[in-house]
Amino acid sequence: MESKRENREQKEPMEAAVQFPEETVYLQEIERRVDAELLEAQKSVDQMEEEQRELQKYMAESRGETDFKEMFQTERIMRDIATSGSSAVQYLERLKKVRNSPYFARIDFLPSGEGEEKTPYYIGLYAFRHEKKLFIIDWRSPVASMFYDFETGPAFYTTPSTLDSPAKTVEGEVVLKRQFKIKNGEMEFAFDSSQNIQDDILQQELAHTSDEKMKSIISTIQKEQNQIIRDENADVMIIQGVAGSGKTSIALHRVAFLLYRFRNTIKAQNVTIISPNKVFGDYISSVLPELGEEPIFEASLEDLALIQIEDGVDFVGERNPLETDDPAWTRRVRFKGTVEFVRQMDEYIEKLPELALDVQDYVFGEFSVPAEWIRERVAVYQRFPLLKRLEQVADDIHSRLENEFLREERPPHRNTIFQALRKMLKYKTTLQAYKAFYSWIVEPKLFKPVQKGVLEWNDVFPYLYLQSYFSGIQESRLIKHLVIDEMQDYTPIQYALLNRLFQCPKTILGDFGQSINPNCQYTLEELHELYGGSKLMRLEKSYRSTYEIIHYAKKIAKAQDFQAVERHGEPPAMLVFEKEEQELQKLAELIGEFHKGEYNAFGILTRTNPEAQALYEKLQALGADVNLILPESKSFRNGATVLSIQMSKGLEFDQVAVPFAGEAVYHTEFDRNLLYVACTRAMHRLFLTCTGAPSPLLPEE
């Protein structure tokens, strides 16, 4: 069954498509060679499967007759075959993808210097070699970077440094730049750069309908995006990108590049992405596999907290500030969402040994270790958590008693000494030390447990941050690159803990213009300062929505000064009704029209999650065919879906409806952000509905 997208593409072929006879010949040559390689790869897979079956048969028939040594050797051979077989299957699947769409671009490069010859390079998702000759280069290779960075004319690429040779810049000229679309082995079109290929191909890709999963964009990566993807020197890369600028996709392509560039030292299992919810994690899950890499581990802040929190301490989930009317709670949350709060915690942590420890002489029989000496040793081990420092000092005391004082007697056990030192602590647990922090800053009311041993969500990361200095946390040595998405929705103290957990390079991305948490009020500049020496990149062109939708959204956001791709469509529609029943009926009609039309995804976005639940039930009662996404949901699928603006972050829909967009619902300056986020989820069509007067935050047109 054909998808709506396939039908759309068949109805709207690219009018400017030009066929080049020599390209048809080259494609046929590639197909012939790929077919030959496919045949050999299939033979290899079949042979390994046969060898595995024979070994399994032999082990079954000889069970009880073979000795342990022979059985062990046979099992090892089976494991080796299984490993080789897995690699062979992966290679076979890769070849099938190459057969379907071997390459998307060609550049002819003439290096500077006498005697140099022009070399054509075909660029694809994967490199392809046959009979020791390279026919297609990987899009991540140094030479391929020229396709993204240069038009025809002077160009250069830089070879990576190795143990044997330093990096080298190769200068020359791109004399031909051509782009293709090859699908199912058939060339649908070819364009030369003189025909402005990047703009034409980009326009065609942007005109597509949405997908259930985020897709790769290797054929339409823009120059400013390519610079971010290929930056291998930035220890911390911060990407501030406007709505629809492709920042999440760019971050994932950057991961794919780093896995390619440093393939000997970093694997997919060494990369983690912190994402806002499971739905978004599912939505982006196919990008790296589509780029030929293994999926990376995706986690939320709650996942990390569950791993790290100490036994005997629990917490409740995050409360939605849009659904809470509790001034005392709001004050607690806002205080803990500032850079100043981190500064105060750091000051407290620096003084923690003197605040938490009542150091006394350690006495054993007629021998004693002076308190001042113990205090000095505690200071020596400052890189360790406080309890670990006491363990180290206990070892030192044990050695001192053993070597200096007690020649005949056995000194007390190290653990006995440690327990004696631990009794000198005024705060026996992290929780006691955390509560004492608020007394220290003379704000005891800012700490309010839900019940004994159960923390509010706003206390979880401050608590874990203190825990990392008091009793310790499990720092990750496996993760070598961390991706943090929706950066504007995390607090400075959460970043402080992430830096303790993951002491590795990071890619941090988001849009401070899309903040949906009114209690998190720090700035991009403060985040940049938090990561001293970080590289800040800005993406200011929006590719997702039509020019009309972006123009409308910019008026809502006021301060948003960014560019829109010149892709035109119908202007946003503001539909006003006298009664809510009429508004609901219109929404049901829009859903019915959507199901009969050419689009794949229709998002109906509400202000809060309870409102999404209520609207979903009302639309179902009217017979509308709709899905529902809530915070506990785990996947995104096409169709008409009711969800909150919070849950729509990072997603995109062919068309969007924003119901109940009246002045009673959206009227504060923070609501301006919500409306901006909601409107910029739409790719092609945008509807806003309300009963009574529209929100004053919306443009009058």
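- Every residue two or more places apart in sequence or in another chain that forms a ring-ring contact (aromatic ring centres under 6.0 Å, His included) with Tyr522 is listed here: Phe512.
- In this model, no donor atom of one side chain and acceptor atom of the other lie less than 3.5 Å apart for Tyr490 and Asp485.
- For the pair His667 (side chain) and Pro696 (backbone), a donor-acceptor distance under 3.5 Å is absent.
- A side-chain N or O of Tyr531 and one of Asn499 form a donor-acceptor pair less than 3.5 Å apart.
- Checking Arg681 against Ser648 by side-chain atom types alone, no donor-acceptor pair falls below 3.5 Å.
- Looking at Arg672 and Glu669, a side-chain N of the basic residue comes within less than 4.0 Å of a carboxylate O on the acidic one, giving a salt bridge.
- Using a cutoff of 4.0 Å between basic side-chain nitrogens and carboxylate oxygens, Asp395 and Arg414 are scored as salt-bridged.
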Test side chain to side chain contact (heavy atoms under 4.5 Å, CB included) applied to Leu605 and Val656, step by step: CA-CA 7 Å; Leu605 310 185; Val656 162; 3.9 Å; yes

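- Under the 4.5 Å side-chain criterion, counting only non-hydrogen atoms from C-beta, Asp671 is in contact with Arg607.
- Using a 3.5 Å distance cut-off with no hydrogens or angles, the side chains of Gln646 and Asn609 do pair a donor with an acceptor.
- Under the 3.5 Å distance criterion, with hydrogens and angles disregarded, no donor-acceptor pair is assigned to the side chains of Gln474 and Gln308.
- Between Trp373 and Asp361, the closest side-chain pair of non-hydrogen atoms is not below 4.5 Å.
- With hydrogens and angles disregarded, no donor-acceptor distance shorter than 3.5 Å links the side chain of Gln269 to the backbone of Phe297.
- The shortest side-chain heavy-atom distance between Thr272 and Val483 does not fall under the 4.5 Å cut-off.
- Tyr676 and Gly513 get closest at one heavy-atom pair: CD2-O, 3.5 Å.
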Stepwise salt bridge (charged side-chain N to carboxylate O under 4.0 Å, His left out) test for Glu443 and Lys445: CA-CA 6 Å; Glu443 288 280 10; Lys445 291 184 179 180; over 6 Å; no

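- Arg637 and Asn627 get closest at one heavy-atom pair: NH2-OD1, 3.0 Å.
- For Glu350, the CD atom sits in a loose shell: 12 or fewer heavy atoms of surrounding residues, nucleotides or ligands are nearer than 6.0 Å.
- Each of Tyr434, Trp440, Tyr427 was scored for a ring-ring contact (aromatic ring centres under 6.0 Å, His included) with Tyr348, with one residue passing: Trp440.
- Summarising the local packing, CD of Gln382 is surrounded by 12 or fewer heavy atoms from other residues, nucleotides or ligands at distances under 6.0 Å.
- If you check the side chains of Glu486 and Gln488, you find a donor sitting under 3.5 Å from an acceptor.
- Between the side chains of Ser275 and Glu298, at least one donor N or O sits under 3.5 Å from an acceptor N or O.
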Verdict with supporting geometry, Tyr469 and Lys388, side chain to side chain contact (heavy atoms under 4.5 Å, CB included): CA-CA 9 Å; Tyr469 288 96; Lys388 183 66 175 177; over 6 Å; no

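- Between Arg261 and Glu232, at least one side-chain nitrogen of the basic residue sits less than 4.0 Å from a carboxylate oxygen of the acidic one, meeting the salt-bridge criterion.
- Of all heavy-atom pairs spanning Val271 and Ile266, the tightest one is CG2-CD1, 4.0 Å.
- In terms of modelled atom types and a separation under 3.5 Å, the side chain of Lys448 and the main chain of Pro444 share no donor-acceptor contact.
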Side chain to side chain contact (heavy atoms under 4.5 Å, CB included) assessment of Glu294 paired with Leu288: CA-CA 6 Å; Glu294 294 294 319; Leu288 283 169; over 6 Å; no

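- The minimum heavy-atom distance between Ser468 and Ile473, with the atom names listed, is CB-CD1, 3.5 Å.
- A donor-acceptor contact shorter than 3.5 Å is absent between the side chain of Asn226 and the backbone of Lys223.
- Glu310 and Thr430 are linked by a side-chain donor-acceptor pair at a separation below 3.5 angstrom, with hydrogens and angles left out of the test.
- In terms of modelled atom types and a separation under 3.5 Å, the side chain of Lys554 and the main chain of Ile549 share no donor-acceptor contact.
- Annotation for Lys278: atom NZ counts as buried by contact number, over 12 foreign heavy atoms lying within 6.0 Å.
- The closest side-chain heavy-atom distance from Ile397 to Leu421 is below 4.5 Å.
- Of all non-hydrogen atoms in Val342 and Ile493, the two that sit nearest each other are CG2-N, 3.5 Å.
- Heavy-atom contacts from other residues, nucleotides or ligands closer than 6.0 Å to CZ of Arg331 number 12 or fewer.
- Between Asp231 and Lys535, at least one side-chain N (NZ, or NE/NH1/NH2) sits under 4.0 Å from a carboxylate O, which counts as a salt bridge.
- In this structure, the side chain of Asn673 engages the main chain of Ser515 through a donor-acceptor pair within 3.5 Å.
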CA sep, side-chain torsions, deciding dist, call: Asp282, Lys634, salt bridge (charged side-chain N to carboxylate O under 4.0 Å, His left out): CA-CA 7 Å; Asp282 174 69; Lys634 295 183 178 179; over 6 Å; no

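- At a cut-off of 3.5 Å, with distance as the only test, a side-chain donor of His481 or Thr507 sits close to an acceptor on the other residue.
- Between Asp489 and Lys649, at least one side-chain nitrogen of the basic residue sits less than 4.0 Å from a carboxylate oxygen of the acidic one, meeting the salt-bridge criterion.
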Test log, rule ring-ring contact (aromatic ring centres under 6.0 Å, His included), inputs Tyr465 and Phe437: CA-CA 12 Å; Tyr465 187 60; Phe437 163 73; over 10 Å; no

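- The two atoms that bring Thr668 and Leu697 nearest to each other are O-CD1, 3.3 Å, heavy atoms only.
- Within the cation-pi definition used here (under 6.0 Å to the ring centroid, within 45° of the axis), Arg319 does not qualify as a partner of Trp457.
- Using cut-offs of 30° and 60° for the angle between ring planes, the Tyr438 and Phe447 rings count as parallel.
- Look at Arg332 and Glu456 and you find a salt bridge, because one of the NZ, NE, NH1 or NH2 atoms lies within 4.0 Å of a carboxylate O, short of that distance.
- A donor-acceptor distance shorter than 3.5 angstrom exists from the side chain of Thr606 to the backbone of Thr608, with no hydrogens or angles considered.
- Outside the 6.0 Å centre-distance limit, the rings of Tyr463 and Phe470 are not counted as a close aromatic pair.
- At distances below 3.5 Å, not a single donor-acceptor pair connects side-chain atoms of Glu354 with backbone N or O atoms of Lys351.
- Judged purely by atom type and a 3.5 angstrom limit, Asp511 has no side-chain atom pairing as donor or acceptor with the backbone of Val242.
- Taking 4.5 Å as the limit, some side-chain heavy atom of Leu615 sits within range of a side-chain heavy atom of Pro659.
- Taking 4.5 Å as the limit, every side-chain heavy atom of Leu455 sits out of range of all side-chain heavy atoms of Val450.
- Note on Arg389 versus Glu391: no salt bridge recorded, every NZ/NE/NH1/NH2 to OD/OE distance being 4.0 Å or above.
- Of the possible donor and acceptor atoms, one in the side chain of Gln225 sits under 3.5 Å from a partner among the backbone N and O of Ser245.
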Side chain to side chain contact (heavy atoms under 4.5 Å, CB included) between Met487 and Ile238, worked out: CA-CA 9 Å; Met487 63 184 180; Ile238 298 176; 3.8 Å; yes

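- Under the 30°/60° scheme for interplanar angles, the aromatic rings of Tyr283 and Phe280 are found to be tilted.
- Judged by the 6.0 Å and 45° rule, Arg334 forms no cation-pi pair with Phe341.
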